[in-house]
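Just so you know, ligand 1 is whichever comes first in the structure, and atom 1 is the first atom listed for that ligand. Below, all heavy atoms of this structure are taken into account, side chains as well, without hydrogens, waters or symmetry copies. Residue numbers start at 1 and run along the sequence shown. These figures come from a predicted structure and were not determined experimentally.
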Amino acid sequence: MPLSINEVKKLLRAKEYKLTPQRQIIMQVFLDIGDQHLSAEDVYQIVKQKHPDIGLATVYRTLDLLSDLEVLRKMDFGDGRSRFELNTAGTHQHHHLICLECGAVEGFDDDLLDGLEQVIAAKSKFKIVDHQLKFYGYCQACRKQEAHD
Ligand SMILES: [Zn+2]
Ligand SMILES: [Zn+2]
Ligand SMILES: [Zn+2]
């Protein structure tokens with residue numbers, strides 16, 4: 001799990017890529033922002049405040065490269081906008097809560113699936129290393145604004 005810009009640099013170098021200033025700036029957004037799920041447009045909006053020279057196309061390319069290298073994880077929640085987050089390799093993915101109203105994506109950290117994983121493993125002889133669980137509904141902010149109960 002790359003937690004510092006130096007670790008990212010090593011990972012890139014191992015694959016013969018360089019940590020260019022643009023890649024570093026974009027990577028730093030994820031290191032600074034912590035556990036959040038950002039679209040390319042979100043990243044672009046943050047980056048352009050201090051670095052108006054970095055275009056949206058560069059952001060897209062860099063995010064794709066960083067996910068190919070498994071530094072970031074690219075996720076699709078079915079709304080046509082990929083989201084990216086730091087790839088915490090070696091742990092099970094947290095679950096995702098996706099708001100149908102505003103598109104916000106929240107992580108839910110408790111796995112809660114140990115029992116289920118054991119049953120599946122025992123019955124199927126399948127070794128489970130990860131899973132993806134998406135819950136669709138309405139976030140707290142949207143629930144307050146509209147009657148979604
Ligand atoms: Zn699990
Ligand atoms: Zn919402
Ligand atoms: Zn997540």
Taking side chain as C-beta onward, heavy atoms only, is [X] less than 4.5 Å from [Y]?
| X | Y | answer |
| --- | --- | --- |
| L72 | N87 | no |
| R61 | R23 | no |
| C139 | E106 | yes |

Please confirm whether F84 and H37 have ring centers closer than 6.0 angstrom. no
Tell me whether D130 has at least one N, O or S atom under 2.8 Å from the Zn ion (ligand 1). no
Would you check if the Zn ion (ligand 1) lies under 2.8 Å from any N, O or S atom of E117? yes
Which value, rounded to 10°, describes the OE2(E85)-the Zn ion (ligand 3)-NE2(H96) angle? 100°
Give, rounded to 10 degrees, the angle between NE2 (H37) and NE2 (H94) as seen from the Zn ion (ligand 3). 120°
Hey, are K74 and D64 close enough for a salt bridge, meaning a charged N less than 4.0 Å from a carboxylate O? yes
Please work out the angle at the Zn ion (ligand 2) defined by atom SG of C142 on one side and atom SG of C139 on the other, rounded to 10°. 100°
Calculate the angle formed at the Zn ion (ligand 1) by OD1 in D111 and ND1 in H92; 10° precision is enough. 160°
